[in-house]
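All remarks here apply to the structure that follows.
Source: prediction; values computed, not measured. The first residue in the sequence is number 1, and the count goes up from there.
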Amino acid sequence: PPTAFDPVAPGDSGEAGSTKDRYFLAARALLALGGSEAVKAAALVERLDLTKGSFQHHFGGMPGFLAAFAEDWEQTRTARIAACVSEGNPWRRLEMLNADLLMPPDPAETAWRAWAYTDPVVRDAVCRVDQLHDRALATTLARLRDDPAVEFLAEMTSGLMLGLQQWRPPFEPELAARIAIEWMRRFLRIDAEVCNGEGRPTLAFRPR
């Protein structure tokens with residue numbers, strides 16, 4: 001299943017599979033294995049069988065790398081949200097915006113968000129993306145129900161999504177689905193059911 005680190009949008013080099021993109025994918029793998037402490041210049045070049053000179057050439061150092069990595073992550077997430085917003089059917093758009101609810105936890109994404117607590121570059125990127133997602137979700141909810149608190153409901157729904165993704169140990173898929181459905185029905189007053197699409201469970205919504 002897709003994750004926040006999938007190359008939906010290419011890196012700032014403009015070429016999928018470029019050396020910069022390979023560095024970003026390697027950093028994702030290191031994040032998943034050992035968290036932010038594992039993402040070091042030496043570990044990156046060793047994993048890619050490249051030289052320290054290559055790393056310096058592309059990023060200048062770790063601050064430059066982290067800035068580029070955060071920008072790439074943000075661009076990928078922003079592109080995904082833009083694709084959701086472009087969907088004209090608000091019910092389908094709601095499904096797309098909540099697609100992460102039933103996805104299995106991604107260790108790299110969990111480590112990335114943990115990194116945001118200690119690094120301002122990562123924190124700023126995460127905050128911008130989360131705010132963009134919440135605005136898109138609130139706008140969509142406003143199309144589907146008459147409630148002055150749609151912005152608050154959108155923020156709470158995002159919080160539930162992040163909680164399901166980062167809870168340790170992970171929720172069993174059946175329990176995660178039950179939680180998501182109960183949330184939609186009781187708090188958003190939107191009927192929901194689980195369906196299997198593209199080989200993984202997703203939420204489907206319909207008007208009551």
Salt-bridge contact E109-R113 (side-chain N to carboxylate O under 4.0 Å):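 Salt bridge: yes.
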Lys/Arg N to Asp/Glu carboxylate O, E74 vs R77, below 4.0 Å: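 No.
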Compare all side-chain heavy atoms of [X] with those of [Y] and state whether any distance is below 4.5 angstrom.
{"X": "V85", "Y": "T140", "answer": "no"}
{"X": "L144", "Y": "W91", "answer": "yes"}
{"X": "D147", "Y": "L141", "answer": "no"}
{"X": "L160", "Y": "I179", "answer": "yes"}
{"X": "L31", "Y": "W115", "answer": "yes"}
{"X": "W73", "Y": "V122", "answer": "no"}
{"X": "R123", "Y": "T118", "answer": "no"}

Atom CD of E151: over 12 foreign heavy atoms under 6.0 Å: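 Check fails, neighbour count at 12 or below.
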Neighbour count above 12 (heavy atom, 6.0 Å) for R145 CZ: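 Enclosed.
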Expected output: side-chain R28 to main-chain A108 donor-acceptor under 3.5 Å: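 Side chain of R28 to backbone of A108: no pair is present.
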Backbone of L94 reached by a side-chain donor or acceptor of N98 within 3.5 Å: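 It does hold such a pair.
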Closest approach of [X] to [Y] (non-hydrogen atoms, all atoms of both residues):
{"X": "A116", "Y": "V126", "value": "CB-CG2, 4.2 Å"}
{"X": "A70", "Y": "W112", "value": "CA-CH2, 3.6 Å"}
{"X": "A192", "Y": "R185", "value": "O-NH2, 2.8 Å"}
{"X": "A83", "Y": "S86", "value": "O-OG, 2.7 Å"}

All pairs passing side chain to side chain donor-acceptor pair (under 3.5 Å) where residues 37-66 contributes a residue, at least two apart: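 Side chain to side chain donor-acceptor pair (under 3.5 Å) check on residues 37-66 returns Y23-S54.
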Listed partners of F187 passing ring pair (Phe, Tyr, Trp, His ring centres under 6.0 Å), at least two apart: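 If we apply the ring pair (Phe, Tyr, Trp, His ring centres under 6.0 Å) test to F187, skipping adjacent residues, the hits are W183.
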To the nearest 0.5 Å, how far apart are [atom1] in [X] and [atom2] in [Y]?
{"X": "M184", "Y": "E193", "atom1": "CE", "atom2": "CD", "value": "13.5 Å"}
{"X": "L137", "Y": "L153", "atom1": "CG", "atom2": "CG", "value": "9.0 Å"}
{"X": "Q75", "Y": "E71", "atom1": "CD", "atom2": "CD", "value": "4.5 Å"}
{"X": "L162", "Y": "D130", "atom1": "CG", "atom2": "CG", "value": "6.0 Å"}

